[in-house]
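Working notes, beginning with the structure itself.
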Amino acid sequence: MNIYDFFNSPDVAEYCQSIGHTFNALESAVMASQSNARTLAEKHEAYRTIIAEYPDMEIPEAFNHEHIKSFSKALEDVIEFERQLLEKFLLPEQNAIYQVTAYYTGERESYEHSELFSTYKKAYENTMEWHEGDDHNLAYMRINKRYLNNKNYVSAKISKAGEILKVDQCNVLPQSENSYLLEHCYIDVPVPFKRGDLVEEDNGGYMGGVYVIQNIIRDNPKQNTRLFRDGDISDMTAWVFYEHNGSVECECMHFYPDLRYCRRELEGKKRILKYISHYMQDKFCLCALFKAQEYLLLNEKISGLKKSQLKYQLEQLGDGLI
């Protein structure tokens with residue numbers, strides 16, 4: 001099995017290969033579990049390959065899990081738990097309904113459909129009919145099977161092609177210590193990025209997916225060592241600058257191995273991030289950064305005025321045709 005086939009970032013995959021980095025069974029399973037493109041079935045096949053081909057290993061007790069004597073056995077537990085969860089998700093039940101949230105690429109983030117459905121099949125087919133021929137840039141959808149009169153649910157992440165990528169739950173099936181093991185372990189993944197790099201990730205949510213790096217957690221050896229004992233994959237963070245509604249904010253993104261270099265030309269208000277990157281890498285002085293910001297603000301204003309003028313002219317033209 002080539003674990004790099006499961007990486008979301010080709011830049012991280014290429015870098016790890018170039019330095020000869022190797023991944024043990026746990027690290028490989030975590031990276032496979034986080035793949036955005038691989039189906040749940042493909043992930044389970046990867047886990048079985050890891051069990052068959054990688055040396056088994058013990059995992060020391062940590063904040064999120066007890067001592068694990070056999071990771072191979074724990075990974076078998078993960079496969080079985082997710083198999084049962086998928087079976088439960090697909091099973092129509094009288095006391096449960098399905099609801100869809102669609103997630104988009106670009107500026108539009110998500111939309112929760114108001115329709116409720118009795119089966120997963122009807123929920124998926126209706127969503128695809130709703131998006132057929134539109135320009136909403138559907139990335140994926142999350143379909144929740146919700147139970148009546150309580151907050152319990154089984155949830156699945158679904159690709160546009162109808163492939164199930166991931167399953168989750170709240171109080172539906174009993175879970176063991178190992179059920180969410182792959183999310184409860186912190187791993188260290190080498191990356192090529194440095195302070196000031198302009199990067200992006202898929203499905204960036206409210207942060208937009210395009211960032212300028214401030215620092216990555218693995219660059220802090222003292223904190224990184226502590227997280228091996230106390231952290232999980234949500235602690236694999238990078239602090240970044242990002243653009244939101246015309247202003248520049250700072251926050252952390254989770255699971256930094258998903259980052260890749262942003263090589264495309266940015267549009268609209270996100271263009272300021274390129275100049276922030278230049279400033280942080282000493283390619284710009286501070287006054288040049290402010291001049292770039294002034295230019296971009298003026299450019300956005302002019303574009304807005306042109307759109308308003310065009311709209312007015314079209315409205316006037318429409319009135320003249322009546």
Side-chain angles (χ1 to χ4, degrees), residues 6 26 29-51 64-66 68 70-103 110-131 138-185 203 205 232-234 254-255:
F6 289 81
L26 171 63
V30 169
M31 293 305 296
S33 74
Q34 294 304 300
S35 173
N36 292 330
R38 294 303 186 114
T39 67
L40 187 63
E42 289 174 322
K43 293 174 184 179
H44 285 180
E45 185 60 32
Y47 301 161
R48 294 186 185 97
T49 301
I50 290 169
I51 292 170
N64 293 303
H65 59 80
E66 298 178 355
I68 295 172
S70 170
F71 176 67
S72 293
K73 175 60 172 64
L75 198 51
E76 290 175 351
D77 293 343
V78 171
I79 295 171
E80 178 58 20
F81 174 72
E82 293 184 345
R83 185 197 67 77
Q84 293 181 20
L85 204 55
L86 177 60
E87 187 177 79
K88 188 70 170 175
F89 172 77
L90 295 173
L91 177 67
E93 296 181 80
Q94 288 187 346
N95 66 329
I97 53 90
Y98 293 81
Q99 187 169 24
V100 182
T101 302
Y103 293 82
S110 66
Y111 175 75
E112 184 175 84
H113 291 225
S114 58
E115 297 92 337
L116 304 177
F117 304 93
S118 58
T119 68
Y120 157 70
K121 185 174 184 290
K122 290 180 180 179
Y124 171 75
E125 289 178 348
N126 178 273
T127 303
M128 296 312 296
E129 288 176 5
W130 193 83
H131 287 87
L138 178 67
Y140 66 93
M141 65 200 82
R142 184 166 294 281
I143 299 182
N144 290 326
K145 178 184 180 182
R146 296 190 175 276
Y147 289 83
L148 305 179
N149 303 318
N150 59 53
K151 296 181 180 180
N152 301 346
Y153 65 83
V154 186
S155 174
K157 181 179 178 181
I158 316 291
S159 73
K160 289 193 294 184
E163 297 170 317
I164 295 178
L165 308 174
K166 190 173 183 179
V167 287
D168 200 359
Q169 71 150 7
C170 176
N171 298 327
V172 175
L173 292 183
Q175 58 192 58
S176 71
E177 177 73 21
N178 297 327
S179 297
Y180 290 100
L181 176 63
L182 299 182
E183 296 182 7
H184 289 167
C185 293
N203 307 322
D232 57 31
I233 60 170
S234 69
H254 299 275
F255 206 67

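Just the heavy atoms: all of them, side chains too, but no hydrogens, waters or symmetry mates, feed the values below. Numbering of residues begins at 1 and proceeds along the displayed sequence.
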| Honestly, is Lys145 close enough over Tyr120, meaning NZ or CZ under 6.0 Å from the six-membered ring centre and within 45° of the axis? | no

First locate atom [atom1] of [X], then atom [atom2] of [Y], and finally report the distance between them rounded to the nearest 0.5 Å.
X      : Y      : atom1 : atom2 : answer
Tyr153 : Asn171 : OH    : CG    : 9.0 Å
Leu90  : Leu85  : CG    : CG    : 10.0 Å
Ile50  : Tyr47  : CD1   : OH    : 7.5 Å
Thr127 : His113 : OG1   : NE2   : 5.0 Å
Tyr103 : Ile158 : OH    : CD1   : 12.0 Å
Asn149 : Asn95  : CG    : CG    : 8.5 Å

| request: Check the pair Leu182 / Leu75 against side-chain contact (heavy atoms from CB on, under 4.5 Å), numbers first and verdict last. | output: CA-CA 9 Å; Leu182 299 182; Leu75 198 51; 4.1 Å; yes

| task | Would you check if the side chain of Glu177 reaches a backbone N or O of Glu66 as a donor-acceptor pair within less than 3.5 Å? | result | yes

| query | When you measure from the side chain of Lys43 to the backbone N and O of Phe6, does any donor-acceptor pair fall under 3.5 Å? | reply | no

| remark: With Tyr98 as partner, the option from Tyr147, Tyr124, Phe117, Phe89 fulfilling ring pair (Phe, Tyr, Trp, His ring centres under 6.0 Å) is Phe89

Specify the closest pair of heavy atoms between [X] and [Y], including all atoms of both residues, with the distance to one decimal.
X      : Y      : value
Tyr180 : Gln175 : CE1-OE1, 3.4 Å
Ala46  : Ala32  : CB-CB, 4.4 Å
Leu173 : Phe81  : CB-CE1, 4.4 Å
Ala74  : Ile68  : CB-CG2, 4.0 Å
Ser72  : Ile51  : O-CD1, 3.7 Å
Met141 : Ser159 : CE-O, 4.0 Å

What residues, two or more places apart in sequence or in another chain, satisfy salt bridge (charged side-chain N to carboxylate O under 4.0 Å, His left out) together with [X]?
X      : result
Glu45  : Arg48
Glu80  : Arg83
Glu183 : Lys166
Lys122 : none

| task | Would you mind reporting whether Leu138 and Met128 have side-chain heavy atoms less than 4.5 Å apart? | result | yes

| Heavy-atom side-chain contact between Leu86 and Glu82 under 4.5 Å | no

| How would you list, by chain and number, every residue that makes a side chain to side chain donor-acceptor pair (under 3.5 Å) with Ser179, sequence neighbours excluded? | Ser176

| query | Can you name the residues that form a side chain to side chain donor-acceptor pair (under 3.5 Å) with Lys160, not counting sequence neighbours? | reply | none

| Residue from Gln99, Arg146, Arg142 passing side chain to side chain donor-acceptor pair (under 3.5 Å) with Ser155 | Arg142

| remark: Only residue of Leu40, Asp168, Asn36 satisfying side-chain contact (heavy atoms from CB on, under 4.5 Å) with Lys157 is Asn36

